[in-house]
Amino acid sequence: RGPWAGLAAAVAAALALALAVSVWRRRPRPVREVLFFPSQPVCTEALLVEAVGPGAVTRPCRCPLARGDCSLSRLLRRLLSARRSLELCLFAFSSPQLAWAVQLLHRRGVRVRVVTDAQSMEMRGSQIGLLRHAGIQVRHDQESGYMHHKFAIVDRRMLITGSLNWTTQAIQNNRENVMVVEDYEYVKAFLDEFERIWEDYNPRNYSFFP
């Protein structure tokens with residue numbers, strides 16, 4: 001009985017190890033992605049319409065641009081993966097496609113908070129007013145220097161950051177980079193910074209008169 005018992009134990013251990021390896025391999029790997037701009041011009045309307053959800057009224061897209069994958073569409077997909085929260089800390093925000101994605105998330109019940117620069121939000125084409133009109137929380141600086149950050153945090157687990165301003169000019173014409181990572185230490189550092197700025201820019205802390 002002894003040898004058979006030992007063999008059975010060895011087989012059971014081997015099966016358990018094989019099962020553990022199989023489960024580990026099926027686990028989604030943390031996101032590690034780098035996007036470079038300028039982005040190839042492609043139509044992103046279908047991607048945004050799809051994100052609206054079932055029952056959405058669709059119409060044929062008359063956009064002359066070809067369908068396909070590009071840095072902008074990949075950035076949009078990362079944003080649209082949000083299910084609970086989205087923190088945006090952006091110097092400038094004038095891209096209609098990215099603003100549409102943010103509004104879609106807000107309408108889906110995702111908690112969206114935006115921090116931006118007071119001067120850039122007044123620039124022509126800024127989407128900040130539309131986001132506020134949609135009911136999204138927005139705070140801005142009251143300082144002499146720029147609020148020059150450019151990052152987003154999706155569901156408190158994925159960091160999107162780089163040189164890219166979220167503007168049509170930067171997306172279509174500039175040499176820019178965006179890094180997308182799922183790493184607890186990096187996400188926590190940026191989330192802590194966002195919370196510090198969010199509290200600093202609380203309107204209750206403003207002093208409008210000397």
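One-based numbering along the sequence shown. Every value quoted in this text rests on a predicted model; they were computed, and no experiment measured them.
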Legend entry - Full working for side chain to side chain contact (heavy atoms under 4.5 Å, CB included) between Leu98 and Leu75: CA-CA 9 Å; Leu98 291 172; Leu75 176 57; 4.0 Å; yes
So do [Y] and [X] actually touch side chain to side chain, heavy atoms under 4.5 Å?
X      : Y      : result
Ser120 : Met147 : no
Arg156 : Ser85  : yes
Thr167 : Ser95  : no
Cys70  : Val42  : yes
Arg74  : Glu33  : yes
Leu86  : Leu79  : yes
Gln172 : Pro41  : no
Thr44  : Leu76  : yes

Shortest non-hydrogen contact between [X] and [Y], atoms and distance:
X      : Y      : value
Gln119 : Ser144 : NE2-O, 4.5 Å
Met158 : Ser81  : CE-OG, 3.6 Å
Ile171 : Phe37  : O-CD2, 3.8 Å
Arg139 : Pro203 : NE-CD, 4.0 Å
Leu88  : Trp166 : CD2-CH2, 3.6 Å
Ala170 : Leu164 : CB-CD1, 3.7 Å

Could you give the distance from [atom1] ([X]) to [atom2] ([Y]), rounded to the nearest 0.5 Å?
X      : Y      : atom1 : atom2 : value
Glu87  : Phe151 : CD    : CZ    : 9.0 Å
Thr116 : His140 : OG1   : NE2   : 9.5 Å
Leu159 : Ile153 : CG    : CD1   : 6.5 Å
Trp100 : Leu130 : CH2   : CG    : 13.5 Å
Gln103 : Gln127 : CD    : CD    : 7.5 Å
Asp183 : Arg157 : CG    : CZ    : 13.0 Å

Legend entry - Candidate pair Trp198 and Gln137, rule side chain to side chain contact (heavy atoms under 4.5 Å, CB included), full reasoning: CA-CA 10 Å; Trp198 185 256; Gln137 301 179 76; 3.6 Å; yes
Legend entry - Arg77, CZ atom: more than 12 neighbouring heavy atoms under 6.0 Å: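 Check passes, neighbour count above 12.
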Inset, instruction - Please indicate whether Phe91 has more than 12 foreign heavy atoms, meaning atoms of other residues, nucleotides or ligands, lying under 6.0 Å from its CZ. - result: yes
Tell me if a side-chain donor or acceptor on [X] pairs with a main-chain N or O of [Y] at a distance below 3.5 Å.
X      : Y      : result
Ser39  : Leu72  : yes
Arg108 : Leu80  : yes
Ser94  : Ser126 : no
Asp155 : Ala82  : no

Inset, instruction - Please lay out, stage by stage, how Ser163 and Glu176 fare under the test side-chain hydrogen bond (donor to acceptor under 3.5 Å, both in side chains). - result: CA-CA 6 Å; Ser163 67; Glu176 307 276 4; 2.6 Å; yes
Legend entry - Lys/Arg N to Asp/Glu carboxylate O, Lys150 vs Asp117, below 4.0 Å: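 So Lys150 does not pair with Asp117 through a salt bridge.
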Legend entry - Cationic N near anionic O, under 4.0 Å, Arg32 to Glu182: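 Salt bridge absent between Arg32 and Glu182.
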Inset, instruction - Go through Val102 and Val112 one step at a time and tell me if the side chain to side chain contact (heavy atoms under 4.5 Å, CB included) criterion holds. - result: CA-CA 8 Å; Val102 172; Val112 180; 3.8 Å; yes
Legend entry - Derivation and outcome, side chain to side chain contact (heavy atoms under 4.5 Å, CB included), residues Glu199 and Asn205: CA-CA 8 Å; Glu199 186 54 35; Asn205 298 330; 3.7 Å; yes
Legend entry - Joint cluster assignment, Val181 & Val187, ILVMFWY side-chain distance < 4.5 Å: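 Linked, Val181 and Val187 end up in one cluster.
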Inset, instruction - Look at the side-chain heavy atoms of Ile, Leu, Val, Met, Phe, Trp and Tyr, link any pair under 4.5 Å apart, and say whether Val110 and Leu131 land in one connected group. - result: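 Yes.
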Side chains of residues 188-197: which donor-acceptor pairs under 3.5 Å do they make with residues two or more places apart or in other chains?
from: Lys188; atom 1: NZ; to: Asp192; atom 2: OD2; distance (Å): 2.8
from: Glu193; atom 1: OE1; to: Arg196; atom 2: NE; distance (Å): 3.3
from: Glu193; atom 1: OE1; to: Arg196; atom 2: NH2; distance (Å): 2.8
from: Glu193; atom 1: OE2; to: His149; atom 2: NE2; distance (Å): 3.1
from: Glu195; atom 1: OE1; to: Arg113; atom 2: NH1; distance (Å): 3.2
from: Glu195; atom 1: OE2; to: Arg113; atom 2: NH2; distance (Å): 2.7

